[in-house]
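It should be emphasised that the depicted structure is a prediction, and the values quoted were computed from it without experimental measurement. These numbers come from the heavy atoms of this one structure, side chains and all, not from hydrogens, waters or symmetry mates. Lettering follows sequence order; numbering is per chain, from 1.
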Protein chains: 2
Amino acid sequence: MSGAPQTHHPHDASSAERRREILEISAQLFAERGYRGTSMRHIAEKVGMLPGSLYYHFRSKESLFVDIHDRALDETAARIEAAMSLHTDPWDRLEAACAEMLDIQLNPASLTLPIMNNLHSVPEEVTDALVRKRDEFELIFRRLVDALPLEEDIDRSIYRILLLRQLNTADGWYREGRLTRREIARQILRIFRHARTD
Amino acid sequence: MSGAPQTHHPHDASSAERRREILEISAQLFAERGYRGTSMRHIAEKVGMLPGSLYYHFRSKESLFVDIHDRALDETAARIEAAMSLHTDPWDRLEAACAEMLDIQLNPASLTLPIMNNLHSVPEEVTDALVRKRDEFELIFRRLVDALPLEEDIDRSIYRILLLRQLNTADGWYREGRLTRREIARQILRIFRHARTD
DNA sequence: CCTACCGATCGGTAGG
DNA sequence: CCTACCGATCGGTAGG
């Protein structure tokens, strides 16, 4: 319960802070320019240290990325569960989850912009671990979708995949101004809402 | 009408063939590993020439990518227009277009796998040209969606964007075997079909 | 966390 | 289309 990070070196308070700072800054860079397009030198520059110094905090670029990815998913899962729990109706629960997810994905100031997709820009050695973590995360949506009173000719597996794609890739086209995040969540749900009439 | 490529050097028949071969092979590599993850050396190796020789056929890696992108969109537009034109009902036309689009996006042997999204893996100098070309292509879907008898509280602009996202990113999750491309097109349309009842 | 550095790889070019 | 090469950049490390 101490919450100590699983680092491989002394983790006093200031070191943990610094580590967190590196995570947040590099998360933004990875989100903007992709894994390969983001160099350790660039990260170091924005953090305000020299390139080699990053390796005092992280073993490698890959482990830095995996760390961001895992933390982002954990935090996102927690926020979504909290938002869902305020509702009981299955459609309301789904909408709350989607709105929260969009809010996270579309907020550039967010600590958590994981590059949820386009894993082919990440070296193959780490994709296995990322996919496993992601599958675990998506169980939330599997449960949400399974609880829906959907029309019977809709494949729930495809339905879930399509919905998640929509949420995860929204940052690729969203532009501040025209529509709020919440209005977009509404429109997505508007399209995906196919209630069984019983 | 000669169909001669707009190259900057002699384009006899065999040179045009070679050029085409480079385009097809590099298109696949770009699709698999992203722009930055694909090196000119790797392309050259798969084509069967030495790295420097690629520059006999293309001015730069960027221009090679832009060329692939433009050709892919032109060919895709032509195929979609042909598929659409077999129908008159707006929903049938949309479904035909989507099925064709999916068929292209999900076919690994296809000459045209453009990496339609994730433009942030491409250097900024070329994204303007790519986005312009893409906007032009998407006019097809703008017309298709505008012709639909949609329920009135659905934003056609968002609707079009969401549908295109779905089609363009399908290769990120599709796995051969479980469902055919046509069944997926059906499921997507099943979700996006919200007819006005009038 | 800095200094100083390594080997590998990259896009690209001159000259034939 | 090959030979031979360039400068730049990359992830990472030793030693302090």
### Message
A:M49 vs A:Y56, test: side-chain contact (heavy atoms from CB on, under 4.5 Å). Steps then yes/no.
### Response
CA-CA 11 Å; A:M49 53 172 66; A:Y56 171 74; over 6 Å; no
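- Rounded to an integer number of Å, the gap from B:E45 CD to C:dT9 P is 12 Å.
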## Note on the structure
Its dot-bracket string being built from Watson-Crick and G-U pairs below 3.5 Å, with | for another strand and [ ] for crossing, DNA chain D has the pattern ||||||||||||||||
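- For C:dC1, the OP1/OP2 oxygens have a side-chain nitrogen or oxygen of A:R18 closer than 4.0 Å.
- Distance CD (A:E62) to C1' (D:dC10): 14 Å, rounded to an integer number of Å.
- The nucleotide whose nearest atom lies closest to any side-chain atom of B:R41 is, among D:dC10, D:dC5, D:dC1, D:dC5.
- Atom CZ of B:R182 has 12 or fewer neighbouring heavy atoms from other residues, nucleotides or ligands inside a 6.0 Å radius.
- Taking 4.0 Å as the cut-off between side-chain N and carboxylate O, B:E183 and B:R186 do not count as a salt-bridged pair.
- Position along DNA chain C of the nearest nucleotide to A:L50 versus B:S53 favours A:L50 as the more 5'-ward residue.
- Rounded to whole Å, the distance from CE on B:M40 to P on C:dT13 is 10 Å.
- Summarising the geometry, the separation between CZ on B:R19 and P on D:dC1 is reported as 13 Å, rounded to the nearest angstrom.
- Atom CG of B:L167 is separated from atom CD1 of B:I80 by 8.0 Å, given to the nearest 0.5 angstrom.
- Proximity of A:Y55 to the phosphate of D:dG12: a side-chain N or O atom is located under 4.0 Å from OP1 or OP2.
- Below 30°, between 30° and 60°, or above 60°: for A:F30 and A:Y35 the angle between ring planes is below 30°, a parallel geometry.
- Within the structure, every side-chain polar atom (N or O) of B:Y56 is placed at least 4.0 Å from both OP1 and OP2 of D:dC1.
- Atom pair B:L54:CG and D:dT3:P shows a separation of 14 Å (rounding to whole Å applied).
- Spacing between atom CD of B:E125 and atom P of C:dG12 amounts to 11 Å, rounded to whole angstrom units.
- Here the C1' atom of nucleotide D:dT9 and the NZ atom of A:K61 are 11 Å apart, to the nearest Å.
- Under the 4.5 Å side-chain heavy-atom criterion for grouping Ile, Leu, Val, Met, Phe, Trp and Tyr, B:V126 is connected to B:V131 within one hydrophobic cluster.
- A perpendicular orientation is assigned to the rings of B:F192 and B:Y159, their planes being inclined by more than 60° (bins at 30° and 60°).
- Between A:P51 and B:H42, the residue anchored closer to the 5' end of DNA chain C is A:P51, taking for each the nucleotide with the nearest heavy atom.
- In this entry the distance linking CZ of B:R36 with P of D:dT9 reads 13 Å, nearest Å.
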